[in-house]
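Encoded as structure tokens, the structure appears first; notes follow it.
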Amino acid sequence: MTLSDQDSGRSVSVRAGEIVTVRLPENPTTGFKWTVESAGSLQQTGNQYEPGGGSGAPGAAGIRVMEFHAASEGESELRMKHWCEWEGEGSVTNRFAARITVTQ
């Protein structure tokens, strides 16, 4: 299952063993990045940045792609924040949250 910024606030169900992929817009050249605040029992298996637009232009925005393995049954609250880590909590510009229910 793939989630985007438009899915923030949703509750979704996946089967045990599935991968949940979250794709969020990001421009790391500004110093702001998406960071996982909480994943519950989901296990993060991937975290990469895809340059956007195919332009290859320096400083162009792209997509942060994070993958989570839904290993066991139950509910997890997946929460992330977009921030500049060295500037602290006051720099948070956006948040993502989704309730993930894992079934057999």
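Note that the coordinates shown come from a computational prediction; the quantities given were computed from them, not determined experimentally.
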Hey, does the side chain of Arg15 reach the backbone of Thr103 with a donor-acceptor pair shorter than 3.5 angstrom? no

Exercise: identify the closest heavy-atom pair between [X] and [Y]:
{"X": "Tyr49", "Y": "Pro28", "result": "CE1-CD, 3.3 Å"}
{"X": "Leu3", "Y": "Ala98", "result": "CD1-CB, 4.2 Å"}
{"X": "Thr30", "Y": "Asn27", "result": "OG1-O, 2.7 Å"}
{"X": "Ile63", "Y": "Pro25", "result": "CD1-CA, 4.0 Å"}

Starting from [Y], can I reach [X] by hopping between I/L/V/M/F/W/Y residues whose side chains sit under 4.5 Å apart?
{"X": "Leu78", "Y": "Met1", "answer": "yes"}
{"X": "Phe68", "Y": "Val14", "answer": "yes"}
{"X": "Leu42", "Y": "Phe96", "answer": "yes"}

Passing candidate, side chain to side chain contact (heavy atoms under 4.5 Å, CB included) with Arg64, options Met80, Glu50, His82, Glu26: Glu26

Around Glu85, counting heavy atoms of other residues, nucleotides and ligands shown, do more than 12 lie under 6.0 Å from its CD? no

Note, [X] side chain near [Y] side chain (heavy atom, < 4.5 Å):
{"X": "Thr101", "Y": "Ser11", "answer": "no"}
{"X": "Val36", "Y": "Asn47", "answer": "no"}
{"X": "Arg95", "Y": "Arg79", "answer": "no"}
{"X": "Trp34", "Y": "Val22", "answer": "no"}

How many angstroms lie between [atom1] in [X] and [atom2] in [Y], if you round to the nearest 0.5 Å?
{"X": "Ser8", "Y": "Gln6", "atom1": "OG", "atom2": "CD", "result": "11.0 Å"}
{"X": "Met66", "Y": "Thr21", "atom1": "CE", "atom2": "OG1", "result": "12.0 Å"}
{"X": "Asn94", "Y": "Leu24", "atom1": "CG", "atom2": "CG", "result": "8.0 Å"}
{"X": "Arg23", "Y": "Glu67", "atom1": "CZ", "atom2": "CD", "result": "9.5 Å"}

Between Glu75 and Arg99, does at least one N-O distance fall below 4.0 Å, as a salt bridge requires? yes

Check the side chains of Ser76 and Ser41 for a donor-acceptor pair under 3.5 angstrom, ignoring hydrogens and angles. yes

